[in-house]
**Q** 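First, the structure itself, so that you have it in front of you.
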Number of protein chains: 2
Amino acid sequence: MIAIKERIKALYPLSEKSMDLLTAIMHKEVHQKGYLLFEAGERSKKIYFLEKGAARAFHYKNDKEVTFWFGFEGDIALSYYAYFAGKPGYETIELLEDATLYVMNWDDLQSLFLQHIEIANWGRKLAENELINTEERFISHQFFSAKERYLSLINNYSDITQRVLLGHIASYLGITQVTLSRIRAGFGKK
Amino acid sequence: MIAIKERIKALYPLSEKSMDLLTAIMHKEVHQKGYLLFEAGERSKKIYFLEKGAARAFHYKNDKEVTFWFGFEGDIALSYYAYFAGKPGYETIELLEDATLYVMNWDDLQSLFLQHIEIANWGRKLAENELINTEERFISHQFFSAKERYLSLINNYSDITQRVLLGHIASYLGITQVTLSRIRAGFGKK
DNA sequence: GACCTCATTTAACAAATGTTAAAAAGAGAT
DNA sequence: ATCTCTTTTTAACATTTGTTAAATGAGGTC
């Protein structure tokens, strides 16, 4: 529980009391590679803190999987649509490795938001943080080429090609796996 | 002030008192087409509510402008980077038409967040809402082709081609204006 | 109306990416 | 080491998009 508490505090400083209230509504889960945290169409109200392991979110488009998010240690997995807008999520989130997670339920969290201003501000900060992350994924897509994004990906997560299939990375980058192979083959040739 | 109050309440229901506190820290501004709400590199702490008019956000990439956001009546303009992360924003936001806006300052808002739980929850909802909007722009980019996105754009904003230059729309879609012309010419031909 | 300016479309060619299929490389199990 | 299954790379060709430049269109001014 130590690491997760640090993760929570890093978002927004909390008093002991608020931290106790938050940890009281969360519990630990351990799941194997291949386990689905969410499935498309659900209105899941769970918020997962990924302590150990790797995950990806994907969407079915014309019967093909399009991966659009990777999560690693320290990341948070939740369906924004289901969580914030009450709409069914369009994403499936799959564990790529055996994982340790901490889980909270939105309903429990919601009642803390209404009663404790510190936790309400923590929740605000959580949303703001996820917003920055989402905007960065958006920017990356809008401003950079697939090659630039691939280089930045292996720069930020040097072991990603060991942990994630290249097919998933290609679909994350919005290109085919053939094109990704060409990019990987062409290093140095600009 | 009527319309803007409705806009604020639509995010999250507020008591009279909270609404008064919020409206006390905002003021109206009127600007002409071409006025810049933000310039790239600034750490602007302003939040604009666009009551009337149109705007776009763009970023300079290799000396070229890349438009990545359009705002119309009812939309909110703020630099997430500057506002939430304290980093300099990378975006310039330009008015595309003469506009009426309401402006708040983040510092004033911040002190209300710390004192009034209702306003803290309103701020949470504001961030959650912007998160959904940003995710939708991201999804649109990741899951749909430029042609599909163009069709959905003119479907949602039927007058957008009257209000926004096609060059801006093309860069928003991530294609050149020549390709956009080809898409526009090819209606019906699948 | 003729002229000017800016926005948009069209044309011709070059470059990049997609598609399909086959070959090569890796990882596990026997 | 061999076999099998999966992942990744390569090849050949088709399609799409980019690039540059010219042509057309639309609005405003004299």
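Naming: A, B, ... by sequence-line order, numbering from 1 per chain.
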**Q** Nearest of C:dT9, D:dT8, C:dA7 to any side-chain atom of B:Arg184?
**A**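 Among C:dT9, D:dT8, C:dA7, the one nearest the side chain of B:Arg184 is C:dT9.
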**Q** Within the 4.0 Å heavy-atom criterion, would you say A:Leu180 contacts the bases, only the backbone, or no part of the nucleic acid?
**A**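 Here A:Leu180 touches no strand at all.
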**Q** Give me the ring orientation class for A:Tyr172 and A:Phe70: parallel if the planes are under 30° apart, tilted from 30 to 60°, perpendicular past 60°.
**A** tilted
**Q** How does each nucleotide of nucleotides 19-26 of chain D score, in 5' to 3' order, for protein heavy atoms under 4.0 Å: base (B), sugar-phosphate only (S), or none (-)?
**A** BB------
**Q** To the nearest Å, give me how far apart OH (B:Tyr150) and P (D:dT17) are.
**A** 15 Å
**Q** Is it true that A:Glu130 and A:Arg137 have a side-chain N and a carboxylate O under 4.0 angstrom from each other?
**A**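 Not counted as a salt bridge, because no side-chain N and carboxylate O are separated by less than 4.0 Å.
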**Q** Is there a side-chain contact between B:Thr92 and B:Phe38 (heavy atoms, below 4.5 Å)?
**A** no
**Q** Among the nucleotides D:dT8, C:dT10, C:dA7, which one has an atom lying closest to any side-chain atom of B:Leu165?
**A** C:dA7
**Q** Whole Å only: how far is the CG atom of B:Leu173 from the P atom of D:dG18?
**A**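 Those two atoms, CG and P, are 11 Å apart.
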**Q** Side chains of A:Ser15 and A:Glu118: any donor to acceptor distance under 3.5 Å?
**A**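 On atom types as modelled, these side chains qualify, holding a pair under 3.5 Å.
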**Q** In terms of side-chain heavy atoms of B:Ile175, which of C:dT9, C:dG18, D:dG18 is nearest?
**A**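 Out of C:dT9, C:dG18, D:dG18, the nucleotide with an atom closest to B:Ile175's side chain is D:dG18.
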**Q** Just how far, in rounded Å, is P of D:dT9 from CD1 of A:Ile183?
**A**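 Checked: the CD1 to P distance equals 11 Å.
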**Q** Quickly work out the A:Lys147 NZ to C:dT17 C1' distance and round it to whole Å.
**A** 13 Å
**Q** Whole-Å distance between C:dA7 P and B:Gln177 CD?
**A**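 These atoms are roughly 9 Å apart.
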**Q** Would you mind reporting whether A:Glu94 and A:Tyr35 have side-chain heavy atoms less than 4.5 Å apart?
**A**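 Answer no - side chains too far apart.
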**Q** By the salt bridge (Lys or Arg N to Asp or Glu O under 4.0 Å) test, which pairs, at least two apart or in different chains, include something from residues 64-81 of chain B?
**A**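 For residues 64-81 of chain B, and leaving out neighbouring residues, the salt bridge (Lys or Arg N to Asp or Glu O under 4.0 Å) pairs sorted by first residue read B:Arg56-B:Glu65, B:Glu73-B:Arg163.
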